There are 2 protein chains.
Amino acid sequence: MTQSAWDPYERDCPSRQMLDRIGDRWTVLVVGTLAARSLRFTELSRRIDGISQKMLTQTLRSLERDGLVTRTVHAEVPPRVEYELTASGRSLQQPLQALEQWAVDHMDAVVQARRRYDAR
Amino acid sequence: MTQSAWDPYERDCPSRQMLDRIGDRWTVLVVGTLAARSLRFTELSRRIDGISQKMLTQTLRSLERDGLVTRTVHAEVPPRVEYELTASGRSLQQPLQALEQWAVDHMDAVVQARRRYDAR
DNA sequence: CTGTATCCGCCTTGATACTG
DNA sequence: CAGTATCAAGGCGGATACAG
C-alpha cells in the first residue's frame, strides 16, 4: 500500500522529518563521501574535515536505521567495519550531489551578495 | 575572478557554510513555497505549517542577504511586502525540488526501514 | 580500530509581548 | 500587516575518558 499524500509542508509529515534529518550538519557529507565506494569508519572521519567521532557514529546510525547505509563487521583483529550505501542511499545521493554542486557553483555569487548586504 | 577549489569537505570552505545554511529547518520549505510565485509574509507563514514568525523573518533575511530572495515593500497602508526568488534563488530551487521529491518518494521505504531497525 | 558514555556550553528555536 | 525584542528551554555538537 502506497501513501500518496506525503506533504513536507505539513508539520508532522514524515517527509518533513526526512528533510529535517537531511538538514543536519553531516548527512550530506557522509552520503557524498560514500558515493564512490564503501569506506571504513576511520577513512570516513579522515575525509570529512571537522567531524567528531560522536557525530560520525550518530550520523551513520541514523542512516543505517533509515535503510540508507549498511554496516558490515568483519571478524578480524583489529575489527574492520565497512559502511556502504544501499540502493535507497544511492538514490538519495543524486539529489544531494546536485545540491553540493549548486553550493560549489554559486558560492562566489553568494559571498559577493553577502558583502553587498552587509555594506549597507 | 572565479574560485575553482570550493570543497565542502573542508571545514572552513564557504560552500560548506552554504550546505549548513540550506540544512536549517526552514530554507528548503521557504524556497519551495516561493517557487511558484512571489508571496507576502503572511501568505508564506500560512503555507508553511508550524513556522514561527521569528523563524520566517530570520530565514527570509538570510535568503535576502545571500541574494536568493528579493524583498519589496509597497508604500501602502497596511504595508504589503512581497518576497520573490532571484535568478540565483530559482537555480537553487531546482536541486531543492529534487530533494523534496526524494523525501516524498522514499518515505514509505524509510518508515519501514525504521520499524525493522527498531524491532531488533 | 571502532566504538560507547558522560559532561557541558552554546546556539537554535519557540513563545510571548510589543510596535510602526 | 509585518515585523522587532526579549526570554527561556532544549538539543546539537564538541571534548574527553574509557572499552571490546
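Nothing here was measured: the structure is a model prediction, and the numbers come from that model.
The shortest non-hydrogen separation linking A/Pro8 to A/Cys13 is N-SG, 4.3 Å. When all heavy atoms of B/Asp108 and A/Trp6 are compared, the closest pair comes out as OD1-CZ2, 3.6 Å. In plain terms, the two heavy atoms of A/Ala103 and B/Met18 that are nearest each other are CB-CB, 4.2 Å. Summarising the geometry of A/Leu85 relative to A/Val31, their closest heavy-atom pair is CD1-O, 4.0 Å, with the distance given to 0.1 Å. Listed here is the closest heavy atom pair of A/Arg120 and A/Arg116: CG-O, 3.4 Å.
Non-hydrogen atoms lying under 4.0 Å from DNA chain C are contributed by A/Arg40, A/Phe41, A/Thr42, all within residues 32-43 of chain A. Applying a 4.0 Å cut-off to non-hydrogen atoms, none of the residues of residues 7-22 of chain A approaches DNA chain D. For residues 64-78 of chain A, proximity to DNA chain D is found at no residue, defined as any non-hydrogen atom under 4.0 angstrom from a strand atom. Near-neighbour residues of DNA chain D inside residues 113-120 of chain B, defined by a heavy atom below 4.0 Å, are absent.
Rounded to the nearest 0.5 angstrom, A/Arg80 CZ and A/Thr72 OG1 are separated by 9.5 Å. Note that CG of A/Leu44 is 5.0 Å distant from CG of A/Leu39, once rounded to the nearest 0.5 Å. To the nearest 0.5 Å, atom CE of residue B/Met107 and atom CD of residue B/Gln112 are 10.5 Å apart. We find the CD-CZ distance between A/Glu10 and B/Arg47 to be 14.0 Å, quoted to the nearest 0.5 Å. Here B/Asp66 contributes atom CG and A/Arg114 contributes atom CZ; the two are 4.0 Å apart, rounded to the nearest 0.5 Å. Summarising the geometry, atom CZ belonging to A/Arg46 is positioned 6.0 Å from atom CD belonging to A/Glu43; distances are rounded to the nearest 0.5 Å.
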Tell me which donor-acceptor pairs under 3.5 Å the side chains of residues 92-100 of chain B have, and how far apart each pair is, sequence neighbours excluded?
{"from": "B/Glu100", "atom 1": "OE1", "to": "A/Tyr9", "atom 2": "OH", "distance (Å)": "3.0"}

Give every donor-acceptor pair under 3.5 Å between a side-chain atom in residues 23-30 of chain A and any protein atom, sequence neighbours left out.
{"from": "A/Asp24", "atom 1": "OD1", "to": "A/Trp26", "atom 2": "N", "distance (Å)": "3.0"}
{"from": "A/Asp24", "atom 1": "OD1", "to": "A/Thr27", "atom 2": "N", "distance (Å)": "2.8"}
{"from": "A/Asp24", "atom 1": "OD1", "to": "A/Thr27", "atom 2": "OG1", "distance (Å)": "2.7"}
{"from": "A/Asp24", "atom 1": "OD2", "to": "A/Thr27", "atom 2": "OG1", "distance (Å)": "2.9"}
{"from": "A/Thr27", "atom 1": "OG1", "to": "A/Arg21", "atom 2": "O", "distance (Å)": "3.4"}
{"from": "A/Thr27", "atom 1": "OG1", "to": "A/Arg21", "atom 2": "NH2", "distance (Å)": "3.4"}

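Residues meeting the salt bridge (Lys or Arg N to Asp or Glu O under 4.0 Å) test with B/Arg90, sequence neighbours left out: none. Listed by chain and number, the residues in a salt bridge (Lys or Arg N to Asp or Glu O under 4.0 Å) with B/Asp49 are A/Arg11 (sequence neighbours excluded). The salt bridge (Lys or Arg N to Asp or Glu O under 4.0 Å) check on B/Glu84 picks up nothing, with sequence neighbours excluded.
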Apply side chain to side chain contact (heavy atoms under 4.5 Å, CB included) to residues A/Thr57 and A/Phe41 and explain how you reach the verdict. CA-CA 8 Å; A/Thr57 299; A/Phe41 188 88; 3.5 Å; yes
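Heavy-atom contacts of chain B under 4.0 Å fall on DNA chain C between two terminal nucleotides, which in 5' to 3' order are C/dT13 to C/dG20.
In the helix from C/dC1-D/dG20 to C/dG20-D/dC1, the end axes, each obtained as the rotation axis mapping the C1' atoms of four pairs onto the next four within a five-pair block, lie 50° apart to the nearest 10 degrees.
Between the side chain of A/Thr86 and the backbone N or O of A/Gly67 there is at least one donor-acceptor pair closer than 3.5 Å.
When each of A/Ser15, A/Ser91, A/Ser88 is checked for a side-chain hydrogen bond (donor to acceptor under 3.5 Å, both in side chains) with B/His106, only A/Ser91 meets the rule.
Residues A/Leu34 and A/Val73 share a hydrophobic cluster, clusters being chains of Ile/Leu/Val/Met/Phe/Trp/Tyr side chains in contact below 4.5 Å.
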Please list each protein N or O that sits under 3.5 Å from an N or O in nucleotides 13-19 of chain D, with the distance.
{"from": "D/dG13", "atom 1": "N7", "to": "A/Lys54", "atom 2": "NZ", "distance (Å)": "3.1"}
{"from": "D/dG13", "atom 1": "O6", "to": "A/Lys54", "atom 2": "NZ", "distance (Å)": "3.4"}
{"from": "D/dG14", "atom 1": "OP2", "to": "A/Ser52", "atom 2": "OG", "distance (Å)": "3.4"}
{"from": "D/dG14", "atom 1": "O6", "to": "A/Lys54", "atom 2": "NZ", "distance (Å)": "2.2"}

